[in-house]
Amino acid sequence: MAARAGGQGGKQPTINDVAALAGVSKKTVSRVINRSEFISEKTRKSVQQAIETLGFVPNPQARALAFRRNFLIALLHDNPNAQTVLNFQQGVLDAIKDSDLALLVRPVDRGSDKLLDDVRLFLEKQRPIGAMLLPPISENDDLAKLCEDLGVRYVRVGSAPLDDARHCVSSNDREVVAEAVGKLIALGHRRIGFVRGPAGFRSAAEREEGFRAALAAAGLSLPDELYAPGNYRYTAGVEAGEAMLSLKEPPTAVFVSNDEMAAGVMSVAHGKGLSVPADLSIIGFDDSPTATHIWPALSTVRWPIREMGSRAARTLVADFLGSSAKAADDENPVMPSTFIERQSVAPPRG
């Protein structure tokens, strides 16, 4: 097959030029461009070589018509932590930056009795190739089934595996929280407070299970007064700090289910004249910018949310991202979090 550059007469090459050079029909070229499974590997390579030789660039609008979908991937979320959503978005954009794909972000109300109807309308109207579901809505099996029924690819993101590897990217919250609390116990802390995440969040449950596992391993049992409610917001950390640090026998350390609330606990400690970490050790979760913007710098669990966003996108649309993107089968869907020790942890006084 003789190579030639450009289309006829020096014009921009067309799909007809590719078909002629590869010795196939225009329909076959279209199938190769749109990654149809019903093309032999020999034909695929021939067409791809012709595309490279001519410098042909497929038209995204034409491809969208062929797919009967827009070149969009959707991010659906109802997450109270804006930084989590932003970090996840950045990871997705890292993955798709050199592709024809665009990201569409859609907040939803997980408490609405119209959630499924609203999401159905959104997916039918926007026709994305796929959808990524952030916690806590990723924990909704009916939402995943809706995507499947509509023929929309989906990936569920969570603090524990929620689905098979083709449809899930998760972290190991329970194990890493147990490790972090174990470090407090190893330093000599025996009266440790815990600030919960929002009720109904799998992440909140996994983190509390990790906390309790560390206590059980050390043979410790703590009173209910050392467990405080939370909702992943700063104000909840302030309320928890006020309650715990006003006790007749306050904790010497507190594990807080996210950094925003940990900052609230630390603020209360400072206001009461307590030294962190000499009087109170504090550990958070996320390793958000907050962790290094407060003083002392917060020891925390690094949740790899940006990397999870990138992995979720590659899992969802690996076939649109070229040879640089690994297929989901080549990657472990569980991405480990890590404990980051900074200046907010020390042995208890005395």
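Positions are given from 1, in the same order as the sequence printed here.
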For [X] and [Y], does a side-chain donor sit closer than 3.5 Å to a side-chain acceptor?
X    : Y    : value
T315 : R311 : no
S46  : T43  : no
Y234 : T290 : no
D259 : T300 : yes

What heavy-atom pair brings [X] and [Y] nearest, and what distance separates the two atoms?
X    : Y    : result
V176 : F339 : CG2-N, 4.0 Å
P229 : A240 : O-CB, 4.4 Å
S344 : M266 : CB-CE, 4.2 Å

Is [X] reaching over with its side chain to a backbone N or O of [Y], donor-acceptor style, under 3.5 angstrom?
X    : Y    : result
R190 : I185 : yes
D286 : S288 : no
N258 : M261 : yes
S99  : L101 : yes
E341 : S299 : no

Classify the ring geometry of [X] against [Y]: parallel below 30°, tilted from 30° to 60°, perpendicular beyond 60°.
X    : Y    : answer
F255 : F194 : parallel
Y232 : F201 : perpendicular
H167 : Y154 : parallel

Could you tell me the separation between the [atom1] atom of [X] and the [atom2] atom of [Y], rounded to the nearest 0.5 Å?
X    : Y    : atom1 : atom2 : value
E225 : M244 : CD    : CE    : 9.5 Å
L116 : L121 : CG    : CG    : 12.5 Å
R212 : L222 : CZ    : CG    : 8.5 Å
E124 : L146 : CD    : CG    : 8.0 Å
L133 : D78  : CG    : CG    : 12.0 Å

Exercise. Show your reasoning for whether side-chain contact (heavy atoms from CB on, under 4.5 Å) applies to I192 and L226.
Key: CA-CA 7 Å; I192 305 170; L226 291 182; over 6 Å; no
Hey, are [X] and [Y] close enough for a salt bridge, meaning a charged N less than 4.0 Å from a carboxylate O?
X    : Y    : answer
R342 : D287 : yes
D149 : K145 : yes
R174 : E206 : yes

Practice problem: Kindly confirm or rule out a cation-pi arrangement of R207 over W303, judged by NZ or CZ under 6.0 Å from the six-membered ring centre and within 45° of its axis? | Solution: yes
Quiz item: Is V177 linked to V256 within one hydrophobic cluster, defined over Ile, Leu, Val, Met, Phe, Trp and Tyr using a side-chain heavy-atom separation of less than 4.5 Å?
Solution: no
Practice problem: Treating Ile, Leu, Val, Met, Phe, Trp and Tyr as nodes and any side-chain heavy-atom pair under 4.5 angstrom as an edge, say whether L143 and L104 lie in one connected cluster. | Solution: yes
Quiz item: Heavy-atom count around K272 NZ within 6.0 Å, excluding the residue itself: above 12?
Solution: yes
